[in-house]
Undergrad: 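Please read through the structure below; I'll follow up with questions.
Just so it is clear: chains get the letters A, B, ... in the order the sequence lines come, proteins before strands, and each one is counted from 1.
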Amino acid sequence: MIEEKWSEESRTYFSTELLSWYERSKRDLPWRRHRDPYYIWISEIMLQQTRVDTVIPYFHRFIERFPTIASLAEAPEEDVLKCWEGLGYYSRARNLQAAARQVMERHGGQVPRDKASVAALKGVGPYTTGAILSIAFDQPEPAVDGNVMRVLSRYFFIEEDIMKTGTRALMEGLAASLIPAGRAADFNQALMELGALVCTPKAPQCLTCPVMAHCSARLEGAELRLPVKSKAKPPRPEHRIAALVEGEGDREGRVLVRRRPDTGLLARMWELPHVLAAAKPSEGADLPDGAAMSRLAGTLAEEGAYVRPEGPFMTAEHIFSHIHWYMRVFRFQEAAALSALAGFAELAVAEPQAAYDEGERAEEYRWITLEDMEELAFPNVFLKILHQYFNDKQQK
DNA sequence: AACGCGGGGGA
DNA sequence: TCCCCAGCGTT
């Protein structure tokens, strides 16, 4: 099949020139400095949907904090999430730690070398399986990510939609057939490196490309048309209102935050209390400030916190791949005299209400200072709001 | 097969 | 500012 569609010469040329280019131009990356399977694994998980430049500082912090698989397996999950804060897709961090525990229990603390065991690790799918086996152990397995699909679709003029499952199988077969004997680690990295540095999505640097001479798309002038990729749906808008509540009395100088439920969006991350501005998520943009604050005050009261509205504080946005949060943040002052004597969390647990509009309850409420933020993992949008707040306060 | 899941960088 | 980048788990 592969031999019929793409000639031996074309494929051999590609692999040879690519490897030679890689040896000249490969970047000096932290996880390339040792061939430690643990480092390779961490880097590959971090690099899923994330650019190299973003990953580098996280990688350094992560291996300093969790230098071995054992240390990662033993750490509190909170610490792992905190180390991942800002990197996004937090299930990657939770799965990574679960997988570290799998490795301790099933594989004596060593990253396994057989395909079935690697693929069985949490958070490790077909791409990462191939990446670990080839880069760490030089096994001739394909590692097909978005870069690889872009390069192959152009060089071999593959017009199948790369968003389709079947296209991936095609690419894996082709990629596997291209690996020169004994060179899986370098070849797979070379393929991704070319996609990242030369064969880029918008403005490919064809004139510096080591395989330009036989690139089918380039020869047809079609490099910008490939890969064919169906459009993802745009994120749906959600209008939300959030409360920044300042504590009173013992809680003077502290702000109320809550921890999200164990599953779903931003699982177990910390945030400011917030609700949809209207019953329909896409509506509520025009909800007047007064009505917004009443709504938040009512919600907080159900959770056991009685508050006085102070006024609008700021707006913020948070864009997920599937949701666009438009968030209006309002300031409140705790009215401690009205608040529960026994403390907030206990009362909140005692009276379950549907205050959490995702249909689940917040796990926990806490009054925090700026320093406490160092222990808790927040999504970026709440980091921005909280830093703005604590910054403003310091100015005064 | 379709959907849920964050955040950053470049034009 | 707008547009683009995408592997894995779950269902």
Undergrad: Between C/dG9 and B/dG8, how far is it from one P atom to the other, in whole Å?
TA: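 Those two atoms are separated by 23 Å.
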Undergrad: Starting from the 5' end of DNA chain B, give me the residue, A/I323 or A/D53, whose nearest nucleotide shows up first.
TA: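 Nearest-nucleotide comparison on DNA chain B picks A/I323.
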Undergrad: Please classify the nucleic acid contact of A/Y127 as base, sugar-phosphate, or nothing, using heavy-atom distances under 4.0 Å.
TA: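 The answer is sugar-phosphate, as A/Y127 gets under 4.0 Å only of primed atoms, P, OP1 or OP2.
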Undergrad: How far, in whole Å, is B/dC5 from C/dC5 if one measures between their P atoms?
TA: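 That atom pair is separated by 22 Å.
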Undergrad: Looking at A/Q102 and A/A120, would you say the former's side chain and the latter's main chain have a donor-acceptor pair under 3.5 Å?
TA: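 It does hold such a pair.
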Undergrad: Quickly work out the A/L121 CG to C/dG9 C1' distance and round it to whole Å.
TA: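 Checked: the CG to C1' distance equals 14 Å.
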Undergrad: Which listed nucleotide (B/dG9, C/dG7, C/dG9) is nearest to the side chain of A/T54?
TA: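 The answer is B/dG9, which lies nearest to the side chain.
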Undergrad: Indicate, with a heavy-atom threshold strictly under 4.0 Å, whether A/Q48 touches base, sugar-phosphate, or nothing.
TA: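 Counting heavy atoms under 4.0 Å across all strands, the contact made by A/Q48 is with sugar-phosphate only.
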Undergrad: In whole angstroms, how far is the C1' atom of B/dG6 from the CG atom of A/L81?
TA: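 Answer to the nearest Å: 13 Å.
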Undergrad: Examine C/dC5: is either OP1 or OP2 under 4.0 Å from a nitrogen or oxygen in the side chain of A/K229? Give yes or no.
TA: yes
Undergrad: Could you give me the CA-CA distance, side-chain angles and deciding distance for A/N95 and A/R92, then say whether side chain to side chain donor-acceptor pair (under 3.5 Å) is met?
TA: CA-CA 5 Å; A/N95 285 335; A/R92 291 187 296 176; over 6 Å; no
Undergrad: With a 4.0 Å limit, can you tell me whether A/N380 has a side-chain N or O closer than that to the phosphate oxygens OP1/OP2 of B/dG8?
TA: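 Yes, within the criterion.
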Undergrad: State whether A/S321 places a side-chain N or O below 4.0 Å from either non-bridging phosphate oxygen (OP1 or OP2) of B/dG6.
TA: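 For B/dG6, OP1/OP2 do not have a side-chain N/O of A/S321 under 4.0 Å.
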Undergrad: Using a 4.5 Å cut-off on heavy atoms from C-beta on, say whether the side chain of A/W270 contacts that of A/D372.
TA: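 Heavy-atom side-chain distance check fails, nothing below 4.5 Å.
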Undergrad: Using atom C1' of each nucleotide, how far apart are C/dC4 and B/dG6 to the nearest Å?
TA: 14 Å
Undergrad: Which nucleotide, if any, forms a Watson-Crick or G-U wobble pair with C/dT10, using both distances under 3.5 Å?
TA: B/dA2
Undergrad: Take atom P in C/dC8 and the same atom in B/dG9, then report the distance between them in whole Å.
TA: 23 Å
Undergrad: Just how far, in rounded Å, is P of C/dC3 from NZ of A/K202?
TA: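 A/K202 atom NZ is separated from C/dC3 atom P by 9 Å.
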Undergrad: Checking the side chain of A/Y13 only, and the main-chain atoms of A/E8 only, is there a donor and an acceptor separated by less than 3.5 Å?
TA: no
Undergrad: Between A/E248 (side chain) and A/A335 (backbone), is there a donor-acceptor pair under 3.5 Å?
TA: no
Undergrad: Reckon A/D145 touches a base, only the sugar-phosphate, or nothing at all at heavy-atom distances under 4.0 Å?
TA: sugar-phosphate
Undergrad: Between A/R51 (CZ) and B/dG6 (P), how many Å, whole number?
TA: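 A/R51 atom CZ is separated from B/dG6 atom P by 20 Å.
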Undergrad: What nucleic acid atoms does A/K122 come within less than 4.0 Å of, heavy atoms only: base, sugar-phosphate, or nothing?
TA: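 Answer is sugar-phosphate: A/K122 comes under 4.0 Å of backbone atoms only.
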Undergrad: Given B/dG6, is OP1 or OP2 found less than 4.0 Å from the side-chain N or O atoms of A/T50?
TA: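 No, because none of the side-chain N or O atoms of A/T50 sits under 4.0 Å from OP1 or OP2 of B/dG6.
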Undergrad: So, is A/H322 close to the B/dC3 phosphate, meaning a side-chain N or O under 4.0 Å from OP1 or OP2?
TA: no
